[in-house]
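Below: the structure, in structure tokens.
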There are 2 protein chains.
Amino acid sequence: MTHYNFYIFVCRIRYFCLVLKKKSLSDIRFDPNQFVPGHSVDCVIIGFDREGLKVLVMKWKGPEMFCLPGGFVLVDEDLDKAAIRVLKERAGIELPFLEQFSTFGRVDRRDDFTLAHNLKTIKLPESTMQWFEQRFITTGFVSLVDMSKCDPNPDLMSESIGWYGIDELPNLIFDHRSIVKAAVQYLRNQINYLPIGITLLPEKFTMKELQHLYESILEKKLDRGNFQRKMLKLGIFNRHEKHWEGGAHKAPYLYSFDTEKYQNLLEKGIGFVS
Amino acid sequence: MTHYNFYIFVCRIRYFCLVLKKKSLSDIRFDPNQFVPGHSVDCVIIGFDREGLKVLVMKWKGPEMFCLPGGFVLVDEDLDKAAIRVLKERAGIELPFLEQFSTFGRVDRRDDFTLAHNLKTIKLPESTMQWFEQRFITTGFVSLVDMSKCDPNPDLMSESIGWYGIDELPNLIFDHRSIVKAAVQYLRNQINYLPIGITLLPEKFTMKELQHLYESILEKKLDRGNFQRKMLKLGIFNRHEKHWEGGAHKAPYLYSFDTEKYQNLLEKGIGFVS
DNA sequence: ATTATAATGTGTCATAAATACACAATAAAT
DNA sequence: ATTTATTGTGTATTTATGACACATTATAAT
């Protein structure tokens, strides 16, 4: 282990000890030297239920401020690994893979001074204040998750964490609202040529749920019969037993997503021109 | 003008004076304080001619090193504006809009030490060395240009600038080769659902040229008749007079891209599902 | 001048896909 | 037993795709 790596190692140990011991927002210290200055990551974790698309949003301890789970990049850490770690530390969610969708680098992207103002009221040390006051360029990462399999927990800096409807977001700090919008737009573009989004559903799902998901992302109604046929013709689903939900109607089949068949489809290619 | 802004102003003036006066690489000084630390931009400018897709690449003065036109972000400058300025300063090309496609943040992305080594041989001041030795996260920007309308000129740090075939790149520093590959992959994904790339061609072009462009990006042969019909059915082209090039064959029509019709098409939407 | 050549614009036709709508099947409520 | 809401699938029409053909056109070769 080199001298430099040892230094990093000590920094991180110190950091984790602090995080584990302290409880209140103003008690939390952290050493800015362990982080890459000026760059952050923000995670847009998207879920889906009967009501539509949801985003995972945190609330700070104390002030009435909401934000995306985000954080900083360790000096010895790849950018995409930082996103994975930050999500784990701040939201308690472990995802093996997050997809980068855009980097936000406007000078005025943090010109909402709510956070800075609130941090002042809780009297943080000068070095911490300076850290938060610097300009940050942030890279947005997105992931689609099965909400029922996801148990988010707020970190020590946060009072709560929860799912908010994509059109019912609370007041997010900085440009976090436009980061969410950009993530959803990114999805909408993707879905036009790839049957993504299946990870938003539970393992087994009905065609109606899948259609509802597509309608939520595309924001338009689709024909039921044609949707079903088109999806099944992709050949990436397995049909399972029927599913009763307790309604005065016929029971629908359950389907699951077949990763292997999906790989075959990708290799075949889905193109705009022949 | 605030005290802070005045400081920035002075920095920039000093910087430009230095750049304009000095000639040799080791004479060039710059003040790292005017830049955001740790973040850079790199431009992948893509052109197209009979031989296929080309990328704009610069060669350093002295050492046998090639790189993308890239640079740093001023402290009072938006990230996308930085890309536009850097391209202007380094390549002499003015483009009003560059498209961000990905951010590269691996710790080891600059672990090719050619540049650092070569900078040492020309004895730069310590502050400059430290600046170049820090970790950089870089955001890649891409633009498709009409090569015939583009007259690149190397800046004072560079010996030459030129177009290189996408499969005949010289040895690029750092991860610049994978940045180019990522940009081309980005294009390939885009073209699957949007008729982009028209900006790579001159104002008026033949269907054969357009088809050749598509074949270059998609790396596969397309049927001539079907390609022509599909493109014309999009309704985004205007037909003009015929064009003689001096060959033993029928003269083809010239076409131009109609921005307004294209907007209509976008509003109508081009979707994977109905 | 005539013929050959190479590339272009467009046509044809079989096949596949998309769209709009219909109808029987099913399970629970009445 | 009947009604109701919802599901799986069918059908008929329209539209798109893919492979190939053929006439057209400007130049080159003879």
Side-chain angles (χ1 to χ4, degrees), chain A residues 50 191-195 201-202 204-216 218 220-256 264-265 268-274, chain B residues 49-51 191-195 201-202 204-216 218-257 264-265 268-274:
Chain A
R50 252 154 250 96
I191 214 169
N192 270 319
Y193 67 106
L194 276 184
L201 297 172
K204 292 181 178 179
F205 49 88
T206 65
M207 265 304 149
K208 180 163 206 172
E209 288 171 320
L210 186 61
Q211 184 181 344
H212 184 197
L213 169 59
Y214 268 69
E215 290 178 339
S216 295
L218 296 172
K220 65 175 175 183
K221 288 280 165 208
L222 303 171
D223 183 278
R224 188 179 57 85
N226 296 336
F227 179 82
Q228 174 139 340
R229 220 165 342 103
K230 193 181 288 194
M231 282 298 151
L232 292 181
K233 198 160 48 187
L234 287 174
I236 57 175
F237 299 106
N238 294 321
R239 176 178 280 185
H240 300 279
E241 73 282 0
K242 293 205 168 195
H243 169 68
W244 285 267
E245 218 184 14
H249 52 75
K250 193 172 169 180
Y253 284 111
L254 287 175
Y255 295 89
S256 69
N264 294 340
L265 179 68
K268 217 191 71 187
I270 313 168
F272 161 63
V273 278
S274 60
Chain B
D49 66 9
R50 255 154 248 93
E51 296 159 40
I191 213 168
N192 269 317
Y193 67 107
L194 276 184
L201 298 172
K204 291 182 179 179
F205 49 87
T206 65
M207 267 302 150
K208 179 164 207 172
E209 289 171 319
L210 186 60
Q211 185 182 343
H212 184 196
L213 170 59
Y214 268 68
E215 291 178 337
S216 296
L218 296 173
E219 289 184 329
K220 65 175 177 185
K221 288 279 164 210
L222 303 172
D223 182 278
R224 188 179 55 84
N226 297 335
F227 179 82
Q228 174 138 341
R229 222 169 338 106
K230 192 181 291 194
M231 282 298 151
L232 291 181
K233 197 162 46 188
L234 286 173
I236 58 174
F237 299 105
N238 294 321
R239 177 179 279 185
H240 301 278
E241 75 283 3
K242 292 206 169 197
H243 169 68
W244 285 265
E245 216 184 17
H249 53 74
K250 191 172 171 180
Y253 283 111
L254 287 176
Y255 295 89
S256 69
F257 178 64
N264 294 340
L265 179 68
K268 217 191 72 186
I270 313 168
F272 162 62
V273 278
S274 62

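Chain letters run A, B, ... following the sequence lines, proteins first and then strands; every chain starts at 1. Reckoned from all heavy atoms, side chains included, excluding hydrogens, waters and symmetry mates.
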TODO: Could you give me the CA-CA distance, side-chain angles and deciding distance for A:Met231 and A:Tyr214, then say whether side-chain contact (heavy atoms from CB on, under 4.5 Å) is met?
DONE: CA-CA 11 Å; A:Met231 282 298 151; A:Tyr214 268 69; 3.5 Å; yes
Task: Interatomic distance where NZ belongs to A:Lys230 and P belongs to D:dG8 [whole Å] - done: 18 Å
Task: Gap between atoms CZ and P, on B:Phe227 and C:dA7 respectively (whole Å) - done: 18 Å
TODO: Rounded to the nearest 0.5 Å, what's the gap from CE on A:Met207 to CZ on A:Phe237? Could you check?
DONE: 5.0 Å
TODO: Round to the nearest Å and state the distance from B:His212 atom NE2 to C:dA7 atom P.
DONE: 14 Å
Task: Atom-to-atom span, CE of B:Met231 to C1' of C:dT8 - whole angstrom - done: 18 Å
TODO: Figure out the CD/C1' separation between A:Gln211 and D:dT6, and round it to whole Å.
DONE: 12 Å
Task: Matching residue for A:Tyr255 among A:Asn238, A:Ile236, A:Leu232 - test: side-chain contact (heavy atoms from CB on, under 4.5 Å) - done: A:Leu232
Task: d(CG, A:Asp223; P, D:dG8) in whole Å - done: 14 Å
Task: Nearest-Å distance for atom pair CG/C1', residues A:Leu222 and C:dA17 - done: 16 Å
- [ ] Report the residues that fulfil side chain to side chain contact (heavy atoms under 4.5 Å, CB included) with B:Glu215, sequence neighbours left out, ordered by chain and then residue number.
- [x] B:Gln211, B:Lys221, B:Leu222
TODO: Ignoring hydrogens and angles, tell me if any N or O in the side chain of A:Gln228 forms a donor-acceptor pair with the backbone of A:Gly225 under 3.5 Å.
DONE: no
- [ ] Return no unless some side-chain N or O of B:Lys233 is found under 4.0 Å from OP1 or OP2 of D:dT15.
- [x] no
Task: Sequence-aligned protein contact record of nucleotides 9-14 of chain C, with B where the base is within under 4.0 Å of a protein heavy atom and S where only the sugar-phosphate is - done: BBBB--
Task: Heavy-atom side-chain proximity of B:Leu201 to B:Phe257 below 4.5 angstrom - done: no
